[in-house]
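Read through the structure below, which is laid out as structure tokens, and then see the notes.
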Amino acid sequence: RVIRSKKDYGVMVFADKRFAREDKRDKLPKWIGDRIRSHPERMDMTVDSAVDKCRRFLASMAQPVDWADEVGRTLWAKEDVDAWLIHRKLPEKRRRIAFQ
């Protein structure tokens, strides 16, 4: 599964033990297989080191964000959340709980 950042960069984590087998990796798209083969040191990482590498990569790709411009596009204002909850026809009590 690709973990994406705000500017559409992503990180793929192949954590399933099946991907340790070459015959399983050979079924991946060629561009992914090429990347895996070019970095064999990444085939046996601890969870902590994988998370650290992902954090550092996404931080290095980060772009400055003007949060005021994001409201209504990528961030919802309270009114947007309320409208969505009403659209889902949630009872009033559940709407209050969902927004807390």
Side-chain angles (χ1 to χ4, degrees):
R1 173 168 209 145
V2 177
I3 303 166
R4 295 166 58 169
S5 71
K6 66 181 174 288
K7 288 294 184 181
D8 210 22
Y9 295 97
V11 175
M12 284 187 260
V13 178
F14 295 93
D16 192 304
K17 66 182 175 182
R18 291 175 291 180
F19 293 110
R21 295 178 43 187
E22 180 123 12
D23 64 317
K24 298 299 182 192
R25 289 193 311 269
D26 286 344
K27 294 180 180 167
L28 295 169
K30 181 182 180 328
W31 70 272
I32 295 173
D34 290 348
R35 293 287 177 113
I36 290 173
R37 281 186 285 285
S38 67
H39 297 283
E41 72 280 3
R42 296 182 186 165
M43 286 297 300
D44 189 23
M45 299 175 78
T46 66
V47 171
D48 289 342
S49 63
V51 167
D52 180 61
K53 190 162 269 306
C54 291
R55 278 190 183 140
R56 285 188 286 129
F57 169 75
L58 292 173
S60 74
M61 303 309 289
Q63 305 294 315
V65 173
D66 181 354
W67 293 109
D69 291 342
E70 298 298 314
V71 173
R73 293 187 330 167
T74 59
L75 298 175
W76 283 4
K78 182 180 184 314
E79 296 78 24
D80 299 320
V81 174
D82 289 340
W84 179 77
L85 292 171
I86 290 168
H87 174 75
R88 290 198 52 215
K89 298 179 173 63
L90 290 178
E92 177 66 29
K93 182 178 180 184
R94 285 196 58 207
R95 279 186 239 154
R96 284 195 309 269
I97 293 169
F99 197 75
Q100 290 178 352

Test side chain to side chain contact (heavy atoms under 4.5 Å, CB included) on I36 and F19 and set out the steps.
CA-CA 10 Å; I36 290 173; F19 293 110; over 6 Å; no
Give every residue pair that meets the ring pair (Phe, Tyr, Trp, His ring centres under 6.0 Å) criterion with at least one member in residues 21-59, sequence neighbours excluded.
none
Is there a side-chain contact between K27 and R18, using heavy atoms and a 4.5 Å cut-off?
no
Taking the side chain as every heavy atom from C-beta outward, state whether R42 and K53 have any atom pair closer than 4.5 Å.
yes
Side chain to side chain donor-acceptor pair (under 3.5 Å) involving T46 - partner list, sequence neighbours excluded
S49
Greater than 12 external heavy atoms within 6.0 Å of D44's CG
no
Single-linkage hydrophobic cluster, 4.5 Å side-chain cutoff, M45 and F14 together
no
Flag the pair R37 and D34 as a salt bridge only when some basic side-chain nitrogen lies within less than 4.0 angstrom of an acidic carboxylate oxygen.
yes
